Amino acid sequence: MTGGRMGRILRVDLTSGRISQESTSDYAAYVGGAGMAARIYLEEVRPSAGPFDPDNPLIFMTGPLTGTPAPTSGRAIFYSKSPVGYPEPACRPSSVGGWLGAELKYAGFDGVIVEGASPTPVYLWIEDGTAEVKDASDLWGLDTFETQRVLLGRHDARGQVAAIGPAGENLGRMAAIVHGTGFASGLSGFGAVMGSKRLKAIGVRGTGGVPVAEPDRLLGVVRRVNRLVYHADDPPRMTGMRGLGTSYPGGEEFIERYSVGILACHACPVACQGVFRVPGTPLGADCCVWPHPMGVGYTEGVEGWEAIWDANSIVNRMGLSSYEVQQAFQFVLQLRDAGVLDEKESGLPLDGDPRELFRALARQIAYRQGLGDHLAEALPRAAERIGRDAARFVIDARGWPILLPSEDPRCNATKALLPAAGAYLPYNDTWALWGYWGGSFHLSITDKRETLPQTDIEAVAKRVLGDERTMDAGTFDAKAVAVWRSQTYRMLADTLGFCTWVLPLDCNLYDDRLLGDDAILGDLYSAVMGIDMSEDELLRVGERVAALDRLQGRKHGYHSREHDLRATNRRLFSEVKDDSPFPRGVIDEGSLVAELERYYALRGWDRKTGLPTEATLLRLGMDELLELAR
């Protein structure tokens, strides 16, 4: 028996209103998720299609693990040409957690392809093998929370909905697709792609199940994961509470006052979201990682956390990407301090309460009012429009702003290499290595080992990556293999439908030897699909998706060696950062290029073109795409 797939993909043409179904098996070589979505996009979309053109499809795709008991299999993928890419738009996946993907499979589909554009606002409702495009005139203008409330009340409270807010309706490039109160497809501007199609929401209700080839074997692997993830003496709960309460001043008091629980994505043992009821904001849940970095009006104590939660809530309700709005907020403060902006010109209370400033800024961006009309274009384009040397406050990787100072490429050679190696989001592409860099998200609340000493980090790197220098932030030595592995796992995660916060479990912090279980992913896939596959064979799936992504960029004009060499902001080669581990406080361009070529060699890409070689495509079973690489 073959499991993991429902066998059908839904296709919805919003221009004509036509709804059809097609077989998933046509794209089975690319497994699911990001791989399958990218293959469909490559085959169907002309290079000249812009992000807001009707013939730029928005694809929502699940993986074979989605909807099964496989731990952390609550992820699914939106894929399209992103309006955030700069200077050229770029095709990319954007992951979303929660229950939307699982519900789609319970409704009988592996994915949805939305093409065309409606002349009037609509929403898509999918239920147990059927789908309808319905009028959304009464929903247009509502925020994401209210939209979901209305649709679940109208159809079925047990369903799942992903919606856009005012930011997406107004085609803001920071617009996210929001599911629940804290799950989102952000960082790619796909909320604006939905807005360009006049598609307010996608709702799903399913009562079926996902076929699993070997159920008993699957449950056995699930138990293995749980034994590694949980300390024997700890309850099944993790970072959703702990990340706030123990890491930052005021967090414990905030939890005591306002916490009403924790929340997990489908089939996830981690529960990384805390649920809070804070006066003045709707009941909401969100990941502990995001509220603190928002840092809006932060002060020591619970008052600072109240301000941060307020900011978090308004961002999600407006349908914005919290990562990018945080960057925009810091950008505005820098422009203010440099005398580039004043209150009259910006229409913002620049010198007032930071909490009020953030609220006003988020609304300006969402509704494209005043300065927000510029900022809604995302920071690189906004800086161009503002002028007056505003660009000196923006450092981006192919259009995506880099979170400073924590993600500054001048502070870590792996992160310095990632943009050149084709990564649009260096922050995301390194999740698979996070545990080795000094901590791990798969920690229980009461565990004492929250970070690893450098000697342990190097030992894990030696065992897993083959070279302890991969974790030395101050040298480019052996960074190609670190980037190769982290990107490949990221692409595999987005293809299978799992979350890299927990998997792969190569390193177990509860074991004195730091040994994990590197067979888990292969065993999960094999049990679900009924096809035996080792971790090495799964990594080959990730390699196939990486090659596919490269060819996608070749077709659509944003991937080549020349693009890679331009991807690193030139200022990072010359502007000194005092706390950089690099000898001169800047990225050494010669060392970066040399390691980039070693990365090409690991991938099997031509060092002159940066594209997969014919031999690589044949090795990966991608014969049908040989012509595109020539």
Side-chain angles (χ1 to χ4, degrees), residues 14 37 50-54 56-60 76-86 89-98 100 112 114-115 117-118 121-124 136 139-148 151 160-203 286 290 312-328 361-368 372-373 375-379 381-382 399-401 424-425:
L14 294 178
F52 300 144
D53 290 346
N56 175 43
L58 179 67
I59 302 172
F60 180 62
I77 291 295
F78 284 97
Y79 190 98
S80 189
K81 184 171 285 186
S82 167
V84 180
Y86 177 85
C91 307
R92 59 159 289 117
S94 179
S95 175
V96 62
L100 189 70
V112 182
V114 180
E115 53 196 10
S118 172
V122 295
Y123 68 92
L124 175 64
L139 303 175
W140 205 253
L142 298 183
D143 69 30
T144 61
F145 291 11
E146 187 67 8
T147 299
Q148 293 178 75
L151 287 181
Q160 304 296 332
V161 176
I164 63 172
E169 294 174 0
N170 291 298
L171 307 191
R173 295 176 192 263
M174 296 183 189
I177 303 171
V178 176
H179 166 46
T181 62
F183 302 109
S185 165
L187 295 171
S188 293
F190 289 159
V193 175
M194 277 184 68
S196 72
K197 298 181 177 301
R198 307 283 278 177
L199 179 62
K200 180 64 176 177
I202 299 173
D286 212 331
W290 282 120
N312 187 71
S313 179
I314 193 170
V315 164
N316 288 334
R317 283 180 282 148
M318 291 293 102
L320 288 161
S321 164
S322 57
Y323 182 103
E324 292 169 276
V325 177
Q326 173 200 354
Q327 294 288 71
L361 178 66
R363 291 187 179 279
Q364 270 202 359
I365 294 172
Y367 290 102
R368 303 195 70 128
D373 187 44
L375 296 175
E377 288 295 296
L379 292 193
R381 291 178 177 86
W400 279 265
Y424 301 105
L425 297 168

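Only a predicted model underlies this, so the values are computations on that prediction, with no experimental measurement involved.
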query = Is any side-chain heavy atom of I202 less than 4.5 Å from a side-chain heavy atom of I177?
reply = no

ask   = Is the backbone of N316 close enough, under 3.5 Å, to the side chain of T144 for a donor and an acceptor to pair up by distance?
value = yes

message = Please check: side-chain N/O of S82 versus main-chain N/O of V84, any donor-acceptor pairing under 3.5 Å?
response = yes

request  = Identify the heavy atoms of Y367 and P166 that sit nearest to each other, and give their distance.
outcome  = OH-CG, 3.4 Å

key: From L142 atom CG to R317 atom CZ, the distance as rounded to the nearest 0.5 Å   = 13.0 Å

query = Do you know which two heavy atoms are closest between L187 and E324, and how far apart they sit?
reply = CA-OE1, 3.4 Å

inquiry  = I'd like to know if the side chain of K200 reaches the main chain of A163, judged simply by a donor and an acceptor atom lying under 3.5 Å from each other, with no hydrogens or angles considered.
reply    = no

ask   = Going by heavy atoms in the side chains, are L100 and F60 under 4.5 Å from each other?
value = yes

request  = Hey, could you give me the OG/OH distance between S188 and Y79, rounded to the nearest 0.5 Å?
outcome  = 10.5 Å

task = Might you work through the side-chain contact (heavy atoms from CB on, under 4.5 Å) test for R198 and L14, ending with a clear yes or no?
result = CA-CA 9 Å; R198 307 283 278 177; L14 294 178; over 6 Å; no

query = Can you name the closest pair of heavy atoms from A201 and V161 and give their distance?
reply = CB-CG1, 4.1 Å

task = With rounding to the nearest 0.5 Å, note down the distance linking CZ in R363 to CG in L320.
result = 10.5 Å

query = So which heavy atom on A328 is nearest to which on I365, and how close?
reply = CB-CD1, 4.2 Å

remark   = Residues P89 and P51: closest non-hydrogen pair is CB-CG, 3.7 Å

ask   = Salt bridge check: are E169 and R368 linked by an N-O gap of less than 4.0 Å?
value = no

key: Pair S80, N56: side-chain N/O donor-acceptor within cut-off below 3.5 Å   = yes

message = Is there a side-chain contact between L124 and V112 in this structure, where contact means two heavy atoms from C-beta onward sitting under 4.5 Å apart?
response = yes

remark   = Scanning both residues in full, the closest heavy-atom pair of A192 with F52 reads CB-CE2, 3.6 Å

ask   = So how far is it from I164 CD1 to L199 CG, rounded to the nearest 0.5 Å?
value = 7.0 Å

Spacing of CD belonging to E115 relative to CG belonging to D53, to within rounding of 0.5 Å = 13.5 Å

inquiry  = Can a side-chain donor-acceptor contact be found between S185 and S94 if the only test is distance below 3.5 angstrom?
reply    = yes

task = Quick one: do Q364 and L375 satisfy side-chain contact (heavy atoms from CB on, under 4.5 Å)? Show the steps, please.
result = CA-CA 9 Å; Q364 270 202 359; L375 296 175; 5.7 Å; no

R173 side chain to G189 backbone, donor-acceptor under 3.5 Å = no

ask   = Do L379 and Y86 come within less than 4.5 Å of each other through their side chains, counting heavy atoms only?
value = no

key: Working for side-chain contact (heavy atoms from CB on, under 4.5 Å), residues Q148 and T181   = CA-CA 9 Å; Q148 293 178 75; T181 62; over 6 Å; no

ask   = Hey, what do you get for CZ (R92) to CZ (F78), rounding to the nearest 0.5 Å?
value = 13.5 Å

ask   = Under 3.5 Å, is there a donor-acceptor pair between the side chain of N170 and the main chain of G172?
value = no

key: Donor-acceptor contact below 3.5 Å, side chain H179 vs main chain A184   = no

